[in-house]
Student: 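Mind having a look at this structure? Questions to follow.
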Amino acid sequence: MIKVAVNGYGTIGKRVADAVAAQPDMKVIGVSKTKPSHEAFVAKSRGYPLYIADISRKAAFEKVGLPVSGNVEEMLKAADIVVDATPGGVGEKNKPIYQKLGIKAIWQGGEEHEVAGFSFNSDCNYKDAIGKQFARVVSCNTTGLCRVIKAIDDKIGVAKVTAVMVRRGADPHVVKKGPIDAVVLDPTTIPSHHGPDVNTVLPHINIVTMAMIVPTTQMHMHAIQMELKKETTREEALAVMKAHSRIGLVQSSTGIKSTAELKEYVMDLGRPRSDLWENGVFEASVAVVGKNLYFFQAIHQEADVVIENVDAIRAMAGEVTDPEVSIRMTNESLGFVAI
Ligand code: NAD
């Protein structure tokens with residue numbers, strides 16, 4: 001069993017912990033919190049030992065009935081690998097302790113590529129992660145881009161990608177962020193950071209990205225154009241997407257034409273936290289004009305990176321060397337088939 005610690009049990013950390021707990025070859029040995037928030041009570045109910053960043057706050061946890069197993073360093077000492085899901089920029093500050101203890105660590109997309117020196121996506125570079133001490137799972141948007149670009153590039157060939165990202169303003173539980181009534185260019189300059197971030201994983205891809213933030217919490221939406229290296233048909237492009245276990249085709253017959261309806265569908269399917277781990281490509285939008293492929297895809301920001309973290313753990317632990325095997329184990333243990 002690979003012993004996994006989750007440092008930062010928030011939006012991403014709590015999902016990673018549950019996904020790890022569902023794996024036959026992994027065990028959650030502890031999760032860390034800074035405050036006795038509702039998530040700490042959920043960790044207790046799941047049976048995850050609770051550790052705290054600042055041990056002087058132990059009494060505040062114990063006063064509300066949350067037993068504390070120790071501080072973060074003690075948690076790290078009990079683990080083979082740590083998934084750092086602290087807020088962007090905080091993870092970098094944890095690097096010295098991971099180095100001191102010689103523990104393997106995985107950071108999230110809120111950190112710079114340089115923190116780990118290696119950025120990960122299961123489809124693109126699983127084998128390069130085998131045995132590595134440090135990795136960074138790229139952000140939700142970059143993960144969604146990498147998956148579909150790699151699939152089309154492998155089967156058809158991609159000459160250039162242009163992608164516009166319409167980003168959610170905040171996660172659903174976040175009450176202090178906006179925008180409430182504006183479309184915000186983020187950044188105002190072009191390209192946005194997403195294209196260079198794709199290049200940390202797929203350096204050969206010619207890509208330009210643009211991004212804006214809108215008043216929604218549900219999901220991101222990407223409008224993607226790919227200039228292909230050869231002529232193709234809509235059917236061939238759809239077949240590539242259908243064959244991918246982490247690309248879900250949102251079928252026209254469902255009548256779904258928005259992120260809200262897609263999230264409702266995923267909730268009705270009974271997915272935990274209504275998580276959509278796959279890219280949600282809108283089937284009706286897939287179009288081929290000449291050598292250009294166009295489509296819309298929805299990306300559930302809280303979910304798509306979770307399964308990538310699980311594969312990164314497995315690759316870095318070094319037991320499973322075939323990416324297909326890890327991806328299948330991850331998918332099957334969560335019980336999902338592409339929508
Ligand atoms: P979050 O704020 O929801 O959760 C972070 C958790 O870490 C909180 O529980 C916080 O209490 C805890 N924490 C803060 N400082 C800590 C410390 N010093 N030690 C231990 N725990 C600490 O953040 P999130 O949305 O889960 O983001 C985590 C990372 O994942 C970031 O790098 C972010 O960019 C990335 N990410 C987020 C999303 C998303 O949509 N939320 C998607 C992909 C990647």
Side-chain angles (χ1 to χ4, degrees), residues 5-19 30-43 48 50-57 60-61 66 68-76 79 82-98 105-116 119-121 135-147 165 167-177 186 193-194 197 211 213 216-220 259 263 273-277 279 298-309 312:
V6 178
N7 196 14
Y9 188 74
T11 308
I12 300 298
K14 64 188 175 185
R15 288 172 165 84
V16 169
D18 288 355
V31 302
S32 78
K33 287 282 330 155
T34 47
K35 289 187 285 245
S37 65
H38 81 273
E39 280 147 347
F41 289 92
V42 174
Y48 304 147
L50 197 59
Y51 292 81
I52 54 177
D54 178 0
I55 202 69
S56 70
R57 305 207 63 193
F61 281 78
L66 293 167
V68 172
S69 299
N71 65 18
V72 167
E73 183 160 345
E74 287 167 300
M75 174 176 79
L76 298 174
V82 56
V83 175
D84 188 308
T86 56
V90 175
E92 182 184 4
K93 300 193 180 96
N94 293 327
K95 187 173 178 180
I97 185 150
Y98 303 152
I106 299 171
W107 285 274
Q108 308 305 308
E111 307 300 327
E112 299 294 326
H113 166 80
E114 289 68 29
V115 172
S119 291
F120 177 85
N121 174 266
R136 160 188 173 259
V137 168
V138 289
S139 74
C140 45
N141 281 308
T142 306
T143 294
L145 288 169
C146 285
R147 271 182 198 159
M165 265 145 294
R167 299 168 54 198
R168 60 92 178 93
D171 290 337
H173 68 283
V174 176
V175 293
K176 289 188 179 161
K177 267 180 82 179
D186 186 49
H193 73 276
H194 304 90
D197 206 26
I213 303 180
T216 184
T217 62
Q218 307 260 9
M219 290 179 141
H220 304 300
T259 52
K263 274 309 290 298
R273 300 186 176 94
S274 73
D275 279 355
L276 180 62
W277 296 296
N279 295 18
I299 298 295
H300 184 194
Q301 73 279 0
E302 299 158 292
D304 70 337
V305 297
V306 172
I307 50 181
E308 305 290 325
N309 273 276

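As the structure lists them, so they are numbered: ligands from 1, and atoms in each ligand from 1.
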Student: Determine the interplanar angle of the Trp107 and Tyr98 rings, folded into 0 to 90°, and report it as parallel if under 30°, tilted if 30 to 60°, perpendicular if over 60°.
Tutor: tilted
Student: Which atom names give the shortest non-hydrogen contact between Met165 and Leu145, and what distance separates them?
Tutor: SD-CD1, 4.0 Å
Student: Test your reading of the structure: does Glu39 have an N or O sitting under 3.5 Å from an N or O of ligand 1?
Tutor: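 The answer is no, given that Glu39 and ligand 1 share no N or O pair closer than 3.5 Å.
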Student: Looking at atom 4 (O) of ligand 1, what's its closest protein heavy atom, distance included?
Tutor: Gly10 CA, 3.3 Å
Student: For atom 12 (C) of ligand 1, grab the closest protein heavy atom and report residue, atom and distance to one decimal in Å.
Tutor: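 Of every protein heavy atom, Gly8 CA, 3.9 Å lies nearest to atom 12 (C) of ligand 1.
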Student: Which residue and atom name correspond to the protein heavy atom nearest atom 2 (O) of ligand 1, and how close is it?
Tutor: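 Looking at atom 2 (O) of ligand 1, the protein heavy atom closest to it is Pro87 CG, 4.2 Å.
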Student: Pairs of nitrogen or oxygen atoms closer than 3.5 Å, one from Gly110 and one from ligand 1: do any exist?
Tutor: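 Yes, since at least one N or O of Gly110 sits under 3.5 Å from an N or O of ligand 1.
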Student: Partners of Ala298 by side-chain contact (heavy atoms from CB on, under 4.5 Å), sequence neighbours excluded?
Tutor: Met219, Met221, Thr259, Leu262, Phe282
Student: Between Ser119 and Arg136, does any side-chain donor sit less than 3.5 Å from a side-chain acceptor?
Tutor: yes
Student: Nearest 0.5 Å please: distance from the OG1 atom of Thr86 over to the NZ atom of Lys93.
Tutor: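 Here the rounded value is 9.0 Å.
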Student: Any non-hydrogen protein atom below 4.0 Å of atom 21 (N) of ligand 1?
Tutor: yes
Student: Locate the shortest heavy-atom distance separating Ala211 from His194; write the atom from each residue and the value.
Tutor: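 Ala211 and His194 have their closest heavy atoms at CB-CE1, 3.8 Å.
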Student: So does Gly8 get a backbone contact from the side chain of Ser32, meaning a donor-acceptor N/O pair under 3.5 Å?
Tutor: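 Pair found, side chain donor or acceptor close to backbone of Gly8.
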Student: With atoms numbered from 1 as shown, which atoms in ligand 1 lie under 4.0 angstrom from a non-hydrogen atom of Ala53?
Tutor: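 The list of qualifying atoms is 19 (N).
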Student: So which bit of Thr11 gets within less than 4.0 Å of ligand 1, heavy atoms only: side chain, backbone, both or neither?
Tutor: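 Under 4.0 Å from ligand 1, Thr11 contributes backbone and side-chain atoms.
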Student: Looking at Ala85, which atoms of ligand 1 are within less than 4.0 Å of one of its heavy atoms?
Tutor: 5 (C), 6 (C), 7 (O), 28 (C)
Student: Which heavy atom of the protein is the closest neighbour of atom 18 (N) of ligand 1, given with residue, atom name and distance?
Tutor: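 It is Val90 CG1, 3.7 Å.
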Student: Side chains of Ser139 and Asn141: is there a donor and an acceptor less than 3.5 Å apart?
Tutor: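 The criterion, which ignores hydrogens and geometry beyond distance, is not satisfied for Asn141 and Ser139.
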Student: Drop me the distance from Ile12's CD1 to Asp84's CG, to the nearest 0.5 angstrom.
Tutor: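 Reported value, rounded in 0.5 Å steps: 12.0 Å.
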Student: Tell me which part of Tyr9 gets within contact of ligand 1: side chain, backbone, both or neither, using heavy atoms under 4.0 Å.
Tutor: backbone
Student: What about Asn94: any of its N or O atoms under 3.5 Å from an N or O on ligand 1?
Tutor: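 No; every N/O pair is 3.5 Å or more apart.
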Student: Report the distance from atom CD1 of Ile307 to atom CZ of Arg15, rounding to the nearest 0.5 Å.
Tutor: 13.0 Å
Student: Can you tell me how far CZ of Arg57 sits from NZ of Lys35, rounded to the nearest 0.5 angstrom?
Tutor: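 Answer rounded to 0.5 Å: 7.5 Å.
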Student: So, does Asp275 use its side chain to make a donor-acceptor pair with the main chain of Trp277 at under 3.5 Å?
Tutor: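 Absent.
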Student: Between CD1 of Ile299 and CZ of Arg167, what distance do you get to the nearest 0.5 Å?
Tutor: 13.0 Å
Student: Enumerate the atoms of ligand 1 whose separation from the nearest heavy atom of Gly88 is less than 4.0 angstrom.
Tutor: 31 (C), 32 (O)
Student: Are Arg168 and Glu302 within salt-bridge range, i.e. N to O under 4.0 Å?
Tutor: no
Student: Tell me, which protein residue and heavy-atom name are nearest atom 42 (C) of ligand 1, and how many Å apart are they?
Tutor: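 I find the closest protein heavy atom is Gln301 O, 3.0 Å.
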Student: For ligand 1, which atoms have a heavy atom of Ser32 less than 4.0 angstrom away?
Tutor: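 Result: 20 (C), 21 (N).
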Student: Could you tell me which atoms of ligand 1, counted from 1 in the order shown, lie closer than 4.0 angstrom to a heavy atom of Asn7?
Tutor: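 Reading through ligand 1 atom by atom, the close ones are 19 (N), 20 (C).
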Student: Looking at ligand 1, does any of its N/O atoms fall within less than 3.5 Å of an N/O of Glu111?
Tutor: no
Student: Among all protein heavy atoms in this structure, tell me which lies nearest to atom 40 (O) of ligand 1, with the distance rounded to 0.1 Å.
Tutor: Arg168 NH2, 3.0 Å
Student: Please work out which of Val72, Val305, Thr34 has its closest non-hydrogen atom nearest to atom 13 (N) of ligand 1.
Tutor: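 The residue whose heavy atom sits nearest atom 13 (N) of ligand 1 is Thr34.
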Student: Is Glu92 touching ligand 1 with its side chain, its backbone, both, or neither, if touching means heavy atoms under 4.0 Å apart?
Tutor: neither
Student: So, 4.0 Å and heavy atoms of Lys35: is ligand 1 close enough to count as a contact?
Tutor: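 For ligand 1, residue contact (heavy atoms, under 4.0 Å) with Lys35 is absent.
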Student: Which bit of Asp171 gets closer than 4.0 Å to ligand 1, counting heavy atoms only: side chain, backbone, both or neither?
Tutor: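 Asp171 to ligand 1: side-chain contact only, backbone stays beyond 4.0 Å.
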Student: With respect to Ile12, determine whether any N or O atom, backbone or side chain, lies less than 3.5 Å from an N or O atom of ligand 1.
Tutor: yes
Student: What's the separation between atom CD in Gln301 and atom NE2 in His220, rounded to the nearest 0.5 Å?
Tutor: 5.0 Å
Student: Just need the protein heavy atom nearest to atom 29 (C) of ligand 1, so name the residue and atom and give the distance.
Tutor: Thr86 O, 3.4 Å
Student: Does the N or O separation between Lys33 and ligand 1 drop below 3.5 Å for any pair?
Tutor: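 For ligand 1, there is an N or O atom that lies under 3.5 Å from one belonging to Lys33.
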Student: Short N/O distance, under 3.5 Å, between Gln108 and ligand 1?
Tutor: no
